[in-house]
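Notes follow once the structure below has been shown.
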Amino acid sequence: MRPLGPAIRPGKRPEKPDDRAPMRRAKSWTFFSFRQSKPNTERKEPPVMSAPVPPPAAEAPDQRQGLLKKIVARLGDLKLRRRRGRTPSKDPAPSRAKYRWDRLMLRPRARKAILNGVPAVLFVLIAVAIGSNPGLRAQIGTTYQKIRDDVVSRPELFVQVIEVTGASPRVDRQIRLTSGLSLPMSSFDLDLEAFRARLEGLDAVRSASVYLRAGGVLHVHVEERVPVLLWRGPTGLEAVDIDGVRTAYVDRRSAFPGLPLIAGAGATDDIEEALHLYRQLRPIAHRIRALSRIGARRWDIVLSDGPLVKLPAEKPGRGVTRILALHSSDDIFELDLAAIDLRNPDQTIVQRRPATPETGAVYTLSGTQAEGD
C-alpha cells in the first residue's frame, strides 16, 4: 500500500499544494505526426491535508526561579561588601619614572655604563673604605686566616703516603729520599708542580706525573731512563741512556755488569754507533774491554788481552768485519802485537810490541802476509 504523503510534524502547518502547476497533457494526433501519444497512466495522489495543531499549553511557573534570584542577589551583595573592604587595585599603566627608566635602558651606552660602571664604582668605594681603616683590614685578615686554618687542618685533606709506579726499586728509593716531604701533611701545603719539577731533575727520570688520589694518596708515575752503556768521562764512570743522558753515577763497573763500556770525550754523541759496533763484535765480546772515542771522529777497540784496534772514521763497521776475518783466519789476536791499524781501507798495518822501550817494529799486512818496513 502506497503512503499518502510525507509525515506531518506536530506544530507545523503543511504547505498548500500549488493548484496553479501546469497539468501534463496527453499527446494526440497531429498533422505532422502519425504516431499515437502514450496515454497518461500516472496516478494522481490526493492532496495532503494538514492536521490541526493544538494550541501551546500554558507554561507552568517555575517555583525555584524566585529562590535562585534571591541567592544570586545575596552573593552579589557579599562580593560588593568584600571589595569595599579591600584597597583599590594598582593601575597597570607604567608611571612616569618607570617609563623614563625603560627609555634610558634602551640606549646601549647608558645600559653599559649602568651595568658595568656602577658595580666598578661600588667596588672602588668599598676598597677605599677598607684600605683607609686599619682596624677593619686587620679584622678581615684575621677572619680569613682563621677560616683557612680551619679548612687546612681537616684530616680528610691530609696526604698520608706516596705511591710510585713505573720505576725500578733503585729509582723508587731515590724518589722517596729526594722528595723532601714530611708526611702526613696538608694538601694545601703541597706544591705539586714544584714536586714534579724536582722529580724530573733526577738523572734517572725522563718524565713524571703527580696527582692526588682519594684517601690521602700522592700518586707518582715516572718514565725511567734505561741505561744502555757505561761512559768513563772526565767526572768518572756514568751510566747513560740511548740519548747519551746520564742516568746515574756509578762507583764501580760491577754495579752494571751487563752494560758495555765506552770512553773518551764526545763518546756520548754516537751512542747508537757504539751499540752497533758492540753487536758486530759479539764473537769476541769476552776480549773487549771498551770502545774509546778518539778526537770525536773515530773509535778504537781496547782489548783486555790483545792489541789496540784502530777503526776508520768512515764506515767503522767495515773495519770490524776485516778484523773479525783476520781473527778467524790467522788468529791475529794471539800474536804479540801492540796495535792493528785499519784506518786505511786498502791496507792492514800491525805494530809488534817493542822488545825494549826504545825499539819497535811496524809491519804491513796485505791480506794475511806481513811485510817489514
Side-chain angles (χ1 to χ4, degrees), residues 203 206 225-247 250 253 256-354 360-373:
D203 295 335
R206 184 186 299 271
R225 296 185 183 275
V226 181
V228 294
L229 289 174
L230 293 178
W231 175 51
R232 188 178 296 278
T235 58
L237 197 60
E238 301 175 0
V240 295
D241 65 349
I242 191 66
D243 298 326
V245 180
R246 180 181 66 246
T247 62
V250 182
R253 189 175 179 180
F256 295 89
L259 297 183
L261 179 65
I262 58 176
T268 56
D269 297 336
D270 294 320
I271 296 295
E272 293 185 358
E273 187 178 45
L275 292 175
H276 178 68
L277 294 177
Y278 266 109
R279 283 192 293 268
Q280 280 187 292
L281 294 169
R282 193 171 299 169
I284 57 172
H286 60 284
R287 291 177 174 269
I288 299 176
R289 185 176 180 182
L291 288 179
S292 178
R293 191 69 172 173
I294 306 300
R297 296 183 303 106
R298 63 178 189 86
W299 296 96
D300 281 354
I301 304 175
V302 181
L303 301 177
S304 59
D305 54 351
L308 178 67
V309 180
K310 300 179 180 180
L311 298 177
E314 299 293 334
K315 299 179 181 180
R318 293 186 178 181
V320 172
T321 304
R322 290 166 56 190
I323 197 63
L324 290 178
L326 291 174
H327 171 65
S328 61
S329 62
D330 298 337
D331 201 6
I332 195 172
F333 295 137
E334 299 298 333
L335 301 178
D336 189 16
L337 300 178
I340 303 175
D341 193 351
L342 303 174
R343 291 176 291 179
N344 189 349
D346 298 329
Q347 291 181 342
T348 301
I349 302 174
V350 298
Q351 181 180 2
R352 294 185 61 182
R353 295 184 186 275
V362 178
Y363 294 88
T364 301
L365 294 179
S366 298
T368 57
Q369 291 185 349
E371 298 179 359
D373 288 346

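The analysis underlying the following values was restricted to heavy atoms, covering all of them including side chains, and did not include hydrogens, waters or symmetry mates. Just so you know, residue 1 is the first one in the sequence shown, and it goes up from there.
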Side-chain polar contacts of residues 305-317 - donor-acceptor pairs under 3.5 angstrom, sequence neighbours left out - could you list them?
none

Table please: side-chain donor-acceptor pairs of residues 230-238 below 3.5 Å, with sequence neighbours left out.
residue : atom : partner : partner atom : Å
Trp231  : NE1  : Gly264  : O            : 3.0
Thr235  : OG1  : Glu238  : OE2          : 2.6

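For Gln280 against Leu324, the heavy-atom pair with the smallest separation is O-CD1, 3.5 Å. Between Arg225 and Arg246, the shortest heavy-atom contact is CD-O, 4.5 Å. Across every non-hydrogen atom of Ala263 and Ala267, the tightest pair is O-CB, 3.6 Å. For the residue pair Arg322 and Pro345, the shortest heavy atom distance occurs at NH1-CA, 3.4 Å.
In this structure, the ring pair (Phe, Tyr, Trp, His ring centres under 6.0 Å) partners of Phe333, at least two apart in sequence or on a different chain, are His327.
Between Thr348 and Ile340, some side-chain heavy-atom pair lies under the 4.5 Å cut-off. A heavy-atom distance below 4.5 Å is not found between the side chains of Ile349 and Gln351. Using a 4.5 Å heavy-atom cutoff, the side chains of Asp270 and Ile262 are not in contact. A heavy-atom distance below 4.5 Å is not found between the side chains of Leu261 and Val302.
Distance CG/Leu337 to CD1/Ile332: 5.5 Å, rounded to 0.5 Å. Interatomic distance, Leu277 CG to Arg279 CZ, rounded to the nearest 0.5 Å: 9.0 Å. To the nearest 0.5 Å, atom CG of residue Leu326 and atom CG of residue Leu342 are 7.5 Å apart. Once rounded to the nearest 0.5 Å, the distance linking CZ of Arg352 with CG of Asp336 reads 6.5 Å. If you take CZ on Arg282 and CD1 on Ile284, they are separated by 12.5 Å, rounding to the nearest 0.5 Å.
When the options Val228, Ile301, Leu291 are evaluated for a side chain to side chain contact (heavy atoms under 4.5 Å, CB included) with Tyr278, the one that passes is Leu291.
The main-chain N or O of Asp243 is found under 3.5 Å from a side-chain atom of Asp241 such that the two form a donor-acceptor pair. When atom types are taken as modelled, the side chain of Thr247 and the backbone of Asp203 share no donor-acceptor pair closer than 3.5 angstrom.
Taking a 6.0 Å sphere around CZ of Arg289, one finds it holds 12 or fewer heavy atoms contributed by other residues, nucleotides or ligands.
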